[in-house]
Structure formats: structure tokens, C-alpha cells
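Computation of the quantities below employed the complete heavy-atom set of this structure, encompassing side-chain atoms and omitting hydrogens, waters and symmetry-equivalent molecules.
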Amino acid sequence: MMNASKVRGLLALLLATGLAACGEKGMTYGDANSVIAVTDAERWSEIEDDVFGAIEQTIQTVRDEKTFTVTYQEPYAEFWNDLRRFRQMLLIGTLDDPWMVEALDETPTEIDIGGPGVYQVRDVWSRDQTATLIVLPDDGSLDRVPAMLDEVQTTLDQQFRNYARNRMYFSGVAEALADTLAAEAGFRLTVPEVYRWQRSDSVLVFRNDQPDPSELIRQVTVTWMTPAPGDLSVDEIIAWRQRMADAHYNEPQELVTEGMIVADTTFDGRDGTLVQTQWRNPPDRGWPAGGPVVVRTLTCDEQDRTYLLDAWLYAPGREKYEYMIQLETILDTFDCGV
């Protein structure tokens, strides 16, 4: 995501590097979850709250964090030639509005506009760019905009999730490790090749702290109880997680109970419990550290095991949504029915 300072920085870079050669589309700028919204100023004043409310939804990390950020740009105003080259564009207008006409003319792919609605075109003003079009009725009515924005948010979020997963597995998929786990530990888990792992009895730790653990750590831990204890209360889950962390984590961690999200859920086809909150160093460590954590528990009756899956992130000063998607994707690969 990008804040105003990031936008200004990228604009400076664009101005410094200059435009692409005549007739040639240059590279795309901006983050995959930063959206440049384009429509005329009068229309924007009517719908800006709807746009921000629909697109800039939040998730819990160490605070409420926006999944996307929106920057408004009036078409053909100052910085238009540069901002229109950003990765994610949201264009709102009728088919007669010049910025909509230009987008459809510039895209290399034919698209059939069947009336008002949401459409996407690629590589409009730069390579690897996605422009999402909200096509209004010919009279410019805004009545359908809120519903169309909900569709835009769903589409952009799914595309961003796919982007995050593809980036995570760019190094390759540790299929051989998944087979080893199935044979020796009784479950499958699919992690990227760059993850290291170690086992201590019934505790298996999978960790990626490359290139610098002081800047970024992603870790998933799997453990279990046998015989399965049946339904566990939230307090029992937290205590179990605490015992595991005390015994097997490099640095001590405590879970923050304020604002904790607890839900009954289903994964791997089995009922379980989800706990999402923050971890932090105890006060006596002398230096603050923390981050988001997701804990899942589920029972495999055929193994007489109750599993605890613990995924946590340390990413100080970084936006965390993409990394949380990656950790949740790894958790979703868990399978104890091997």
C-alpha cells in the first residue's frame, strides 16, 4: 500500500527518469494494493466516501491496517501523465468521458462493454497495469456506484491474494518436504522452498527469516496432543500455545488478549477454533517487538490427535497484509487425512 509520501516519491522518480520512448509503454509504478481513482472533481465529491469505504477496508494486524489505499487523481490535471502509469487504476465515468475513451482505445485487448457495470482492461498506459472501469449509465447516474464498488473490492482483493500467493511460492514449492511430513509426522503442509524446518518430538517449526531476521520473520509451527483432549476453551488454547512458545521459540512471546478475535470455523474439512491477535515480547526483555499471530486448532479423530497450528509474523515498519495472506495460505494447505 502507498501513502501520500510514497506517491510523491514515485512521482519524483517518474519525472527524473522521463517518459518512455515514443509509442512505447513504460514500466508500471506503485504497489499492487495502491489504487489511483480517476473521475471528474464534481462526481468525486459525491462518491469519494463510498469509494474510500468500499476499497479501503481494514484487517487486524498490530493495528487496523488498510488492505488497499486510494489516491484520487483528477483526469488531465497536474501529475495525470505520471499517475496514470500506476499499477492499479480505478476509472469511473460514462463511455463518453474522455479518460474512459482513452483507456479503451489504449488497451491492446478488445473488450465488449455491454452497458453499465464493472470491467477490467490491461496494459493501458504502462506494462503490467490493471485498469478497473466503473461504467456509468449514459446519463451519468451514480445510483449503482455503491454496488459496483463492492464488486470492485471483491475482485481487487481476490487478485491481490493471488498475487501474494504467487510471490510466496516464486522460490518453488517444497513438495518433497510435504511428502516427508506425511510419512513421518502424519500430516501434510506445503511451504515455499525457502522455509527452513526443524522437529523436536511433536513440535515442527517452519521458518523463513531471509534475508535479515531483524527485518522480517514468517514462522508456522505445528504440534499436537495425543490422545485428543476434545473441545478446548480459548484459555486452554492460549495456555497450550504459551507452553509451546516458551519451550521452542528463540525469543519469548506473550499473546495480547485485548481485541482478540475468536471464532468457530472449519478447515481441512474439520471443525475447529480460530484465534487471531498479536504477540509481543514480555516487558522485561528491554526492547519492544511484536506482530500479528493466527492460531488454529482442529481434531483428527482417525489419529486421535488435536492439532495446534501457529503462524506469526515479525515485520517492523512494514505493511503486513500480504504476509498475513501468505501465512494463512500455508495454514490452508494443512491436511491430516494422509
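Between Y72 and W44, the ring-plane angle classifies as parallel under the 30° and 60° cut-offs.
Shown here is D246, whose CG atom has more than 12 heavy atoms of other residues, nucleotides or ligands within 6.0 Å. Atom CG of D201 has 12 or fewer neighbouring heavy atoms from other residues, nucleotides or ligands inside a 6.0 Å radius. Remark: D139 CG is packed, more than 12 non-hydrogen atoms of other residues, nucleotides or ligands lying under 6.0 Å away.
Take F334 and apply the ring-ring contact (aromatic ring centres under 6.0 Å, His included) test, not counting sequence neighbours, and it matches F187, Y307. Taking F267 as the reference, nothing meets the ring-ring contact (aromatic ring centres under 6.0 Å, His included) condition, with sequence neighbours excluded.
Two different hydrophobic clusters hold M244 and W197 under the rule that ILVMFWY side chains link at heavy-atom gaps under 4.5 Å. Connection of V205 to L313 is not established within any shared hydrophobic cluster, with ILVMFWY side chains joined at heavy-atom distances below 4.5 Å, either directly or through further cluster members.
Residues D123 and D128 approach most closely at OD1-N, 2.7 Å, considering heavy atoms. Across every non-hydrogen atom of S45 and E42, the tightest pair is OG-O, 2.6 Å. G259 approaches Q60 most closely through the heavy-atom pair O-NE2, 2.9 Å.
A side-chain donor from one of D310 and Y249 sits under 3.5 Å from a side-chain acceptor of the other. Residues Y321 and D157 have side chains that bring a donor and an acceptor to within less than 3.5 angstrom of each other. A donor-acceptor contact closer than 3.5 angstrom is absent between the side chains of Q57 and T67. For the residue pair T266 and D271, a side-chain donor N or O sits within less than 3.5 Å of a side-chain acceptor on the partner. Side chains of Q326 and R218: a donor on one and an acceptor on the other come within 3.5 Å. No hydrogens or angles considered: a donor-acceptor pair under 3.5 Å links the side chains of Q219 and R207. Between the side chains of D212 and S214, at least one donor-acceptor pair of N or O atoms lies under 3.5 Å.
With hydrogens and angles ignored, the 3.5 Å screen pairs a side-chain donor or acceptor of T155 with a backbone N or O of E151. For the pair K25 (side chain) and V124 (backbone), a donor-acceptor distance under 3.5 Å is present. Formation of a donor-acceptor pair under 3.5 Å by the T154 side chain with backbone atoms of D150 is found in this model. Side chain of S126 to main chain of Q129: no donor-acceptor pair is present (N/O by atom type, distance under 3.5 Å, no hydrogens or angles). Side chain of T299 to backbone of D301: no donor-acceptor contact under 3.5 angstrom is found. A donor-acceptor contact shorter than 3.5 Å is absent between the side chain of S34 and the backbone of D31. Of the possible polar contacts, one joining the Q303 side chain to the C336 backbone as a donor-acceptor pair under 3.5 Å is found. Judged purely by atom type and a 3.5 angstrom limit, N208 uses its side chain to pair as donor or acceptor with the backbone of Q210. Remark: side-chain polar atoms of E65 are paired, donor with acceptor, to backbone N or O of K320 under 3.5 angstrom.
Looking at W80, Y29, W99, F86 one by one, the single match for ring pair (Phe, Tyr, Trp, His ring centres under 6.0 Å) with W125 turns out to be W80. A side-chain contact (heavy atoms from CB on, under 4.5 Å) with V293 holds for exactly one of V256, T61, T277; it is T277.
The pair E302-R270 meets the salt-bridge criterion, with a side-chain N (NZ, NE, NH1 or NH2) lying under 4.0 Å from an Asp/Glu carboxylate O. Ion pairing of R43 with D97 is present here, as a side-chain N (NZ or NE/NH1/NH2) and a carboxylate O approach within less than 4.0 Å. Taking the charged nitrogens against the carboxylate oxygens, R318 and E215 do have a contact shorter than 4.0 Å, which makes a salt bridge. Electrostatic pairing of R188 and D179 counts as a salt bridge here, judged by a charged N lying under 4.0 Å from a carboxylate O. Checked for salt-bridge contact, R84 and E102 meet the test: a charged N lies under 4.0 Å from a carboxylate O. The pair R296-D332 meets the salt-bridge criterion, since a charged nitrogen lies less than 4.0 angstrom from a carboxylate oxygen.
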>> The test is side chain to side chain donor-acceptor pair (under 3.5 Å); show your working for Q242 and Q253 and say whether it passes.
In response: CA-CA 8 Å; Q242 190 65 57; Q253 294 185 4; over 6 Å; no

